[in-house]
Protein chains: 4
Amino acid sequence: MNKRELQRQQTRATILTAADHIYAAHGFIRPSTQMIAKEAGVAHGTVFLHFQSQEKLILAVIEHLGMALTAQIHEASEPGHSLSDILRTHLDAIEASEALYTHLILDLPQLPEEAQQTVIGIQSVIAHHMDQVIGQLKKEKKIKDLSFSFLFTTWIGLIHYYLMNRRLFAPHGSVLAFYKDQLIANFIKLLEVDCK
Amino acid sequence: MNKRELQRQQTRATILTAADHIYAAHGFIRPSTQMIAKEAGVAHGTVFLHFQSQEKLILAVIEHLGMALTAQIHEASEPGHSLSDILRTHLDAIEASEALYTHLILDLPQLPEEAQQTVIGIQSVIAHHMDQVIGQLKKEKKIKDLSFSFLFTTWIGLIHYYLMNRRLFAPHGSVLAFYKDQLIANFIKLLEVDCK
Amino acid sequence: MNKRELQRQQTRATILTAADHIYAAHGFIRPSTQMIAKEAGVAHGTVFLHFQSQEKLILAVIEHLGMALTAQIHEASEPGHSLSDILRTHLDAIEASEALYTHLILDLPQLPEEAQQTVIGIQSVIAHHMDQVIGQLKKEKKIKDLSFSFLFTTWIGLIHYYLMNRRLFAPHGSVLAFYKDQLIANFIKLLEVDCK
Amino acid sequence: MNKRELQRQQTRATILTAADHIYAAHGFIRPSTQMIAKEAGVAHGTVFLHFQSQEKLILAVIEHLGMALTAQIHEASEPGHSLSDILRTHLDAIEASEALYTHLILDLPQLPEEAQQTVIGIQSVIAHHMDQVIGQLKKEKKIKDLSFSFLFTTWIGLIHYYLMNRRLFAPHGSVLAFYKDQLIANFIKLLEVDCK
DNA sequence: GATGAATGAGCGTTCATTCAT
DNA sequence: GATGAATGAACGCTCATTCAT
């Protein structure tokens, strides 16, 4: 890689990071490209030199987030993990990009198709890991006999609900950091076959 | 009521209905007041004759939705209702305004404070009814001993998740119409103390 | 005059008075016809029933002011008046409508031709009275031999300057009430042939 | 200075000059930013690229005028100047921007605070010069013993009166060009101690 | 490759005026 | 005669995008 190309990649990364911060703070819809250029410390036009359009920039940020999440989940996952381990891995990954991920969820219907594909991609990774363990637990009759897709949706719905109301639940920090343990414990209790 | 006042009310209603349709289709943030005027078949300025500002119009639509939902839930509720009845009442009410309600949930963080109060109001109505029955079922040891707030959040999270992904789950119709029965049945099964 | 006509005249007067107050407070340019209707306690359309257009209403207010001023000056003027008496009469008349008169002066260039005619009319009345006395004093060599038009312009310029800066000179009341005596005394001293 | 910066400055100057012309012709209040853009031959949005808001543009024009006036007065002033010289300097300076200065005076109450500061600044410059000479003349008993502030106000009032009625006094040109000599001569005669 | 000035369509909102009631 | 709902042109301002430098 020559020096020119290196410089180019660095500028691109600078813009991407700036966009990351701005979108995490204000969502994908409201901030202007001008705002991102200022945050990145580059000229307004430079944004469009590296990203064909605002839409492409947004998609790049989202894809970057998707890659980060799936990578982190993969890395943290090991064969012998319990359900609790997997759920924790999921929440740890999201917590690292909590604000941005939350805006991705919220703004999704206003974002281009490709963004939805990314979200689907993220979810299928975690779904895959969950399915492994849950399938096994079902066989062992340790958890209720409900379709995996329903259980998965319940989990995701619960997490997303907390994220969407993060300002309410945890005004000055991370909701997940606060409620992670409780969420995992309660969710598992909900699945368990419980005979007293 | 004289003819003048009648016509005024009709125009107001026309605009409100138009806004209802437009916001249901595109969310609260993107559509312009111009767009709503066109849909209503009135001059652009007329919108502001009936609603002080765009914000006030949005709040009027939201409040209207809130009243419709709570009214419907109240009407359909009866003393002896089972948990299943209550959940169905909830979903029936939302289904009637599915698209608009979904956008309310999604755009909430970008909407004024008052909108959040409306959502809280809606949820406390359904929470109240659920709490009654769930409290009783807990005493009878028929459902798991988990805090009501967690169970409620799980239910709301589940429903909202389906709503937010309605285009995916039910591209050309109502998600709730499709999944209502299944959602209720599965959710109840999840709560039950299950000893086979 | 029949009852119908009487009612009509009363409504017209109500609007005129309301416009008077509003224009005195905010000038002729900024206030909307809506604002005047509200102040008058009549429907917006009623303004246009009595005054063909906003411009005509403004002109009516101005003409009314002109008539009030010239009438008051005429009434207060007597054959044997000194220069001091005449200047005082002038200022007394303006003081009674200080705010409105000031806005007339200030907004004049943005107002229709007819408004300028009214101002000219007011000034020729006071000019006429001043000319009488000043002519006599000049013959008696008691005041400087300067053209009447210059002396008159100096006087008017001085008064208008104080009026235009009334917020600066007298933030919470009438400038003329405050400075009247001083202005008259100084102006006369300026005209006098002064040999010590 | 590189070409880029040069062009930017030129566009800014073009807009400022256009605003200058438009405001001189129609006052500060009525013309739209659209009108100024058209006069300048730039897109409407370009105006806001160079000036944050309409208010800022107006203030820039006014400040530019203030600097031009005070600079010209300073340059033309010399230690040994007579009262006549100083008054002429004052009128020469105003004459160069007669129309714009007149609108500044007229629209002042509707303009932001900063505009008033500019006017005060202009007037204190001329007041300072006048005070020097008039103080001396008073000591020499050559002019009447009236407070400087009254004499200054009389002068400013006189000039402003001519300016405000410039369309009447000099429909197709500069009032000051026409009446300058006469105004100065008459004003001086008014101040003089006159014993024949 | 980077810049940032320029564009022009679009936004929410105001207002004098009209006219059916 | 009085009403006030409706109009639509105009306003100040924002913004993604282009392109000469």
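Excluded from the calculations below are hydrogen atoms, water molecules and symmetry mates; all remaining heavy atoms, backbone and side chain alike, are included. So that the names make sense, note that chain A is the first sequence line, chain B the second, and so on, each numbered from 1. Everything quoted here is computed from the prediction, not taken from an experiment.
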*C:Ile120 side chain near D:Leu168 side chain, heavy-atom distance below 4.5 Å*: yes

*Hey, is the main chain of A:Pro31 close enough, under 3.5 Å, to the side chain of A:His26 for a donor-acceptor pair?*
no

*What distance separates B:His21 NE2 from B:Leu16 CG, expressed to the nearest 0.5 Å?*
10.5 Å

*Could you tell me from which nucleotide to which nucleotide of DNA chain F, 5' to 3', there is an atom under 4.0 Å from chain D heavy atoms?*
F:dC11 to F:dT21

*Are any side-chain N or O atoms of D:Asp107 and backbone N or O atoms of D:Phe28, one a donor and one an acceptor, separated by less than 3.5 Å?*
yes

_If you assign each of B:Arg8 and C:Thr11 to its closest nucleotide in DNA chain F, which residue comes earlier from the 5' end?_
C:Thr11

*For DNA chain E, what residues of residues 14-24 of chain B have any heavy atom nearer than 4.0 Å?*
none

*Just how far, in rounded Å, is C1' of E:dG12 from CD1 of B:Ile29?*
14 Å

*Have a look at B:Arg4 and say if it touches a base, only the backbone sugar-phosphate, or nothing, with a 4.0 Å heavy-atom cut-off.*
base

*asked:* How about CD on B:Glu39, more than 12 heavy atoms from neighbouring residues, nucleotides or ligands closer than 6.0 Å, or not?
replied: yes

*Ignoring hydrogens and angles, tell me if any N or O in the side chain of A:Thr102 forms a donor-acceptor pair with the backbone of A:Glu98 under 3.5 Å.*
yes

*Taking atom CD of C:Gln110 as the centre, does the number of heavy atoms from other residues, nucleotides or ligands within less than 6.0 Å exceed 12?*
yes

_Given 3.5 Å as the limit, does a donor-acceptor pair link the side chain of B:Ser32 with the main chain of B:Met35, or not?_
yes

*Is any side-chain heavy atom of A:Gln116 less than 4.5 Å from a side-chain heavy atom of A:Leu111?*
no

*Would you list the pairs meeting ring-ring contact (aromatic ring centres under 6.0 Å, His included) in which at least one residue belongs to residues 45-67 of chain B, sequence neighbours left out?*
B:His44-B:Phe48

*State whether the side chain of D:Thr11 and the backbone N or O of D:Gln7 hold a donor-acceptor pair below 3.5 Å, judged by distance alone.*
yes

*Pairing pattern in dot-bracket form [Watson-Crick, G-U; both distances under 3.5 Å; | = partner strand] for DNA chain F*: .||||||||||||||||||||

*Sequence neighbours left out, what pairs pass side chain to side chain donor-acceptor pair (under 3.5 Å) with at least one residue falling in residues 51-61 of chain A?*
A:Gln52-A:Lys56

*In residues 30-63 of chain D, which residues come under 4.0 Å of DNA chain F by heavy atom?*
D:Pro31, D:Ser32, D:Thr33, D:His44, D:Gly45, D:Phe48, D:Ser53, D:Gln54

*With no hydrogens and no angle check, is any side-chain donor or acceptor of C:Thr17 less than 3.5 Å from a backbone partner on C:Ala13?*
yes

